[in-house]
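Notes to accompany the following structure.
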Protein chains: 2
Amino acid sequence: MTDIDTDNSPIPERKRGSGVKMVYDLLRDEILDLVLPPGSPIDEVQLAERLKMSRTPIREALVRLAGEGLIDTLPNRSTMVANIDFLNLNPFFDALVLMYRVTTRLAAQNHRPEDLAIIRGFHEDYAAAVQTRDPLTMIATNAAFHAAIAESGRNPYFTSLFRRLLDEGRRILRLYYQSYDEQFPQRFVDEHAAMIAAIAARDVEAADRLGKAHAEQIVEQVQKLFARNNKLDIAL
Amino acid sequence: MTDIDTDNSPIPERKRGSGVKMVYDLLRDEILDLVLPPGSPIDEVQLAERLKMSRTPIREALVRLAGEGLIDTLPNRSTMVANIDFLNLNPFFDALVLMYRVTTRLAAQNHRPEDLAIIRGFHEDYAAAVQTRDPLTMIATNAAFHAAIAESGRNPYFTSLFRRLLDEGRRILRLYYQSYDEQFPQRFVDEHAAMIAAIAARDVEAADRLGKAHAEQIVEQVQKLFARNNKLDIAL
DNA sequence: TGTATTTTTCTTGTCGACAAATAAAATACA
DNA sequence: TGTATTTTATTTGTCGACAAGAAAAATACA
């Protein structure tokens, strides 16, 4: 009964063609929620046994994840969850701030009425998650909120880069919420509301400004956190 | 003797692990050079026979190409070369201009001495291609030149998006050079030289300005071309 | 002749197996 | 005891095969 393998899954049958997507979604979530921390080895055979499928669909999912930079594959050797370069997050921050600006700006320009309903939906989900103080849900709904804004801007190139950055951000924020008190999320709720207002009013400049401020505020907080942690590490 | 299949390839042996990359590189080149035009069907079995390998590595290459948006995969049905939305290139142009600016700017900021040699190398390759009036090489070396600038800026997020845009640009420019006279490339050579100078001088603002002007100039030309073509199409 | 239904063909998604490449363990040797 | 070499074990990359879905062809029916 001390069996680690939890194979009482009641779904032995699976639709044709859903295999890759299933593995992809599962691994992606586990990576972004740090269930699989950076550097974790990923064993194809083990996964195949756990999900009761052959290695072929699993490999294809891994190829896709590697393309998105979520895992690293050493030729002929192991594959593992991609590491985060905490020592130099600047490229990440630069890209994040710019994409916050651009996507919010484009949303103000190009959104359609039906987009606002979706955006407001995620906004409320995030507010609810802040109330219940559930970090994982907070992080995920925050990312979904901004991804929805980007979608309404209707530039697939920006959207896909922004999605990738938000994904990476989920992993970084996960550490943030683990070690920092959670007073900021409420402020984010207010800022989100202001962004929605600017988008709805089609005020491009205001949207740009708010997106930039929102992003820089997040960056600043994360940088402050890491600066403190680094000092602690050195002190030890 | 009227056999279409050209299977007198003198390389029956192939190193382990090189299969996927080989297929990926081959298909990528053929797609970007429009040897496989947008909408072309891609048959796994046919490819497997041509390259004398099983379908497994081919499928993995296809998954990767799909992740980069170069092919579209219909579930349980065919997979084909991704189409280009000529009717609305604005998202592409917006992203392209911004990335030209950002990458050139970052290059001026973050490049190292050894980067300049690489950049100048591609610059000369491009100038040479202009002399010989070889469109395919012009397009490819132009993309390589700007990709090298992006690399020297050292922001992998921007670099990968820019690479994707340059790839897409290769396909679009391919049509440009097919139907337009080729007097512009020489002007591009001069603009490239100016960009290199600004980067070498670490003049961030000048680099930004030149990158923007260069990009907008290209966009303008392509738009002019398509406007003319559209009118012709309507006239017919 | 035109439409609906069945049959056939073709392509894809998945599987289990095998061999090459690498890492780990075991052994030999100084 | 420590290093070099062989042996074993593990894991990956590739293969050929098969069945599910969808498209095309063939047939039935009006």
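A note on names: the letters A, B, ... follow the listed sequences, proteins ahead of strands, and every chain is numbered from 1.
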Working for side chain to side chain contact (heavy atoms under 4.5 Å, CB included), residues A:V81 and A:D72: CA-CA 6 Å; A:V81 178; A:D72 287 332; over 6 Å; no

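- For B:M53, taking side-chain heavy atoms from C-beta onward, the closest of the listed nucleotides C:dT11, D:dC15, C:dC15 is D:dC15.
- You'll find the side chain of B:I84 reaches within 4.5 Å of the side chain of B:L89, heavy atoms only.
- A close approach under 4.0 Å does not occur between any side-chain nitrogen or oxygen of B:S54 and OP1 or OP2 of D:dT14.
- We find the CG-CZ distance between A:N110 and A:R105 to be 11.0 Å, quoted to the nearest 0.5 Å.
- Looking at heavy-atom distances under 4.0 Å, B:S18 makes contact with sugar-phosphate atoms alone, never a base.
- Pairing of D:dA24, defined by two Watson-Crick or G-U wobble distances under 3.5 Å, is identified with C:dT7.
- Between A:E60 atom CD and D:dT12 atom P the separation is 16 Å, expressed in whole Å.
- With DNA chain D read from its 5' end, the first of the two nearest nucleotides for A:N76 and A:R16 is the one closest to A:N76.
- Looking only at distances, no side-chain donor or acceptor of B:R164 sits under 3.5 Å from a matching main-chain atom of B:F162.
- Here C:dT1 sits opposite D:dA30 as a Watson-Crick or G-U wobble pair (both hydrogen-bonding atom distances under 3.5 Å).
- D:dT14 atom P lies 13 Å from atom NZ of B:K21, rounded to whole Å.
- Using a 4.5 Å heavy-atom threshold, the side chains of B:I71 and B:L27 count as separate.
- Per the geometry, CD1 belonging to B:I58 stands 14 Å off C1' belonging to D:dG16, to the nearest Å.
- Contact annotation: B:R77 reaches the phosphate of D:dA23 (side-chain N/O to OP1 or OP2, under 4.0 Å).
- Rounded to a whole Å, the CZ atom of B:R55 is 10 Å from the C1' atom of D:dA17.
- Atom pair B:E49:CD and C:dT11:P shows a separation of 10 Å (rounding to whole Å applied).
- Distance, A:K52 NZ to C:dG16 P: 12 Å, rounded to whole Å.
- At whole-Å resolution of the value, CD in B:E44 and P in D:dA17 are 17 Å apart.
- When the nearest nucleotides of DNA chain C are assigned to B:I42 and A:P57 by heavy-atom distance, the more 5′-ward of the two goes with B:I42.
- In this entry the distance linking CG of A:D43 with C1' of D:dT10 reads 9 Å, nearest Å.
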